[in-house]
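Quick notes on the structure that follows.
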Amino acid sequence: MNSRYEFSQIEKKWRAEWEKNPINKEDDKKPKYYCLDMFPYPSGTGLHVGHWRGYVLSDVISRYKVLQGYQVLHPMGWDAFGLPAENFAIKNNIHPSIATASNIANVKRQLHDISAIYDWDREVNTTDPNYYKWTQWIFVQMFKKGLAYEKEMPLNWCPSCKCVLANEEATNGVCERCGATVTKKNLRQWMLKITAYAERLLEDLNKLDWPEKVKKMQSDWIGKSYGAEVEFAVKDTDEKITVYTTRPDTLYGATFMVLSPEHELVKKITTDEQKEEMEKYCFLASTKSSVDRVTDKEKTGVFTGRYGINPLNGALTPIWVSDYVLADYGTGAIMCVPAHDQRDFEFAKKFDLPIIQVIKEEGKEGGELTEAYTGDGIMINSGDWNGMKASEAKAKAPLYLEEKGIGKKTVNYKLRDWVFSRQRYWGEPIPIVHCPHCGAVPVPEDQLPVVLPNVESYKPTDTGESPLADIDEWVNTKCPCCGADAKRETNTMPQWAGSSWYFLRYVDPHNNEALASKEALDKWAPVDMYVGGIEHAVLHLLYARFYTKVLYDIGAVLFDEPFLKLFNQGMITKDGNKMSKSKGNVVSPDVLVEKYGCDSLRMYELFVGPPELDSEWDDSGIDGVFRYLNKVWKFVAGYKDKTVAATKEMEFAKNKMIYEITTRLEALTMNTVVSGFMEYTNKMIDVAKNADGIDKESLEALVRLLAPFTPHIAEEMWRELGHDITVFEAGWPEYDESKLVVSTVELPVQINGKVKDSIEIDKDEAKDVVLAKAKELLGGKLEGKTIVKEIYVPGRIINFVVK
RNA sequence: GCGGAUAUGGCGGAACUGGCAGACGCGCUGGACUUAGAAUCCAGUCCGAGAGGGUGCAGGUUCGAUUCCUGUUAUCCGCACCA
């Protein structure tokens, strides 16, 4: 064995060998493990060291599972529809599929450098008609179940992408993709009824081993609230206004009502005197972007001229219209209790409306309120409820109102239906035909896929129509139902469509009869470990859960949650920023692989910091890992002590290492796994130097543990140590618990909690003997002091409290 | 505004259920080898001469606090007029 660590030769050699003889073989006698990465968009820029982080992590887990005797599914594929390829096409007039294919080739080459155990026979590509046939098939099933429907409504419109956006893509009023300010546009669009699954999407979060942060983001996004709907009659009309409130206990304090400008009753009830001003206000509100509506904190509004009648006490409440009430949440109308809601309070102050306090803070005398009081307290001015605790009234009010026939208990969700159609070219065509007689008709399943046709111009339009609308021969078709002349739907699906179910396709990627066979799904799914960035917390991850539940309901899959465990790796930053071409701070793995080798880069990706946190990239850090691998290599190259017996010291060190590496790996604290390796290696070299060398077992344990992390060098060293079969068949080392028990321990000895010395004692030594020895040890340091208390925690500490 | 996370040497970070703070690595300093450099190896490296002090800041509980409690500051993230 060469004493120089020639990583490029070694890595080339084993990569070729593993391509011929994969270390991960399918074997149904073994338990399964499905370890998945969030599949990449094949961008023209290629991968940087930040991408590597997640891929290395999932590969280490996968190889670890192989060593543990699992058959592992660890696939890779391409989320290849989307805007960058399309924009490239527009600029260069080259079909997006061409740019996509060359990008895939490039990224695939880079992925090979990682030496992950991907099964390339299972590669999927969302833009492949054989793949999107099933993306379209799922849409048709949703349509048949009434989960996909058309609706005209004001939608988030990104003027830069020239495309509508889902609510999830327009948080903070900004386009998730390009950062442009989102405006509203009234359009007919395809919607998916994700709200029908709100409760299950919320409830089933409990089943998942996911980061709490992601679960919380999803549950906040779903936004369940409990409350009541209450009906107010409108005086001098036949109309009734239903309001939604989470605080029915404050009903006696309602002094006015507010409708959203879009509420259907606004036109009907506004009096003639108020009409002109109202129309002006509503028009203005409709032109405001959603950002302005939030940032213009000053309350605005117009009086309708009408009064609602409080169903509890008959009080008259003036009805106003204001844009601080949202049209699409609750009923689009609210009762206002300025004493106990800050927004209502501000509105009341601005327009000089009455404020009636109905909850008194306990132990406090009333005075004029300077802000809304939202805490608990005692009910006042509230008829039957006077004297009750507000929290109790809140709980009892909905049923009370139900009994009186003036309201009902309800729940509400912030989640809205998913705006699903896009006015862009590079996506899956929505498989629908519009017939003048039959309406929207799904393309029959035996005619799928509806293949994306070629167009002259990929350019998006401002009209809200997709570029596909220009291809007459494609658009004009016959109705599958009645045969009449009909037109194809020209919108495409959002990029999320293909990624909402790709994890199912990997289990059976070439199936032409179904999206995947029951047998294959049963064998591999659901995903045991899903590794990816936090940015998909409410987008991809919510959509994929929704898809899975729909497929479960129609019997296509037998589980209703796709990802049992989720791990979000942190970002790699450079100069404190996310790596991006425009910032010019991209660190390419290609150069580092060339200079240090794949194994060093893999190990450094893990060593750079705790995997769940963002970490700053430091090129000089990889030197440390490279030196480490050289050190191990040299030790193995110079290892001749093949007959040395194991010492107690090494036995202990070895078992401790196996224990620690295993528990740390299970906890995914990979940075400490690497430091554990270094510590053990230092110890091993130290012992070998001071004794007659070390036993083979102690060295081989290290090599086996290293295998998932630095597979090539581990394999080479393993063979060098005299093995004919791969290290990945050697199994994961087990630790011997009995060897971890020690007979003597070194304990720190403290005076008043400050460490003064340390003492080696028998583990089971009696307390008074230990304390006597410790006192003797401290000797002079205790002189002239009175010992007030003596503390001995076996195995931990000795402490004397003195005066 | 609401909610969540984080704060430890020059740097990245470690420390199990409260028990020797700074493991491991980077960087740096000195030395060896070399004509010289690179590489490698050896020694040192929280501050302080020392007593002692030290985990964002101020308190508290405890024999003992990076760890628990109260308050506070800074940074980051999520949501944002959701009634």
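Everything numeric here is computed off the predicted structure, so don't read it as measured data. Sequence lines set the chain letters: A, B, ... in the order given, protein chains first and strands last, and positions in each chain run from 1.
- Between A:His540 and A:His536, the angle of the ring planes goes over 60°, which puts this pair in the perpendicular group of the 30/60° scheme.
- Within the nucleic acid shown, A:Lys689 comes within 4.0 Å of sugar-phosphate atoms alone, with no base atom in reach, counting heavy atoms only.
- Close to B:A39, at under 4.0 Å from its OP1 or OP2, lies no side-chain N or O of A:Asn630.
- A:Lys775 and A:Glu790 are joined by a salt bridge, as a carboxylate oxygen and a charged side-chain nitrogen come within less than 4.0 angstrom of each other.
- No donor-acceptor pair under 3.5 Å is formed between the side chain of A:Asn156 and the backbone N or O of A:Val182.
- Considering only side-chain N and O atoms, A:Arg627 lies under 4.0 angstrom from the phosphate OP1 or OP2 of B:G27.
- Proximity of A:Lys215 to the phosphate of B:G78: no side-chain N or O atom is located under 4.0 Å from OP1 or OP2.
- By the 6.0 Å contact criterion, CD on A:Glu666 is enclosed, its count of non-hydrogen atoms from other residues, nucleotides or ligands being greater than 12.
- For A:Lys213, no side-chain nitrogen or oxygen approaches OP1 or OP2 of B:A5 to under 4.0 Å.
- Remark: A:Tyr329 is in phosphate contact with B:A83, judged by side-chain N or O atoms under 4.0 Å from OP1 or OP2.
- Salt bridge A:Asp328/A:Arg416: present, at least one basic N to carboxylate O contact under 4.0 Å.
- Within the 4.0 angstrom heavy-atom criterion, only backbone atoms of the sugar-phosphate kind lie near A:Ser620; the bases stay farther away.
- Base orientation of B:G9: syn, the glycosidic angle falling within 90° of 0.
- Ion pairing between a basic and an acidic side chain is recognised when a charged N comes within 4.0 Å of a carboxylate O; A:Glu212 and A:Lys216 show no such pairing.
- Salt-bridge check for A:Glu229 with A:Lys409: failed, with every basic side-chain N at 4.0 Å or more from each acidic carboxylate O.
- Using a 4.0 Å heavy-atom cutoff across all strands shown, A:Lys216 reaches sugar-phosphate atoms only and no base atom.
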* Taking protein heavy atoms under 4.0 Å as touching, what does nucleotides 46-54 of chain B look like 5' to 3' if B marks base contact, S marks sugar-phosphate-only contact and - marks none? -> ------S--
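- OP1 or OP2 of B:A14 lies within a sub-4.0 Å distance of a side-chain N or O belonging to A:Asn671.
- Distance from the side chain of A:Ser675 is smallest to B:A23 among B:C81, B:C20, B:A23.
- With rounding to whole Å, A:Tyr792 atom OH is found 20 Å from B:C63 atom P.
- Within the structure, a side-chain polar atom (N or O) of A:Thr171 is placed less than 4.0 Å from OP1 or OP2 of B:C79.
- B:G71 and B:A23 have their P atoms separated by 35 Å, given to the nearest Å.
- In this structure, A:Ser225 reaches the B:A83 phosphate: one of its side-chain N or O atoms is under 4.0 Å from OP1 or OP2.
- Remark: A:Asn799 is not in phosphate contact with B:G19, judged by side-chain N or O atoms under 4.0 Å from OP1 or OP2.
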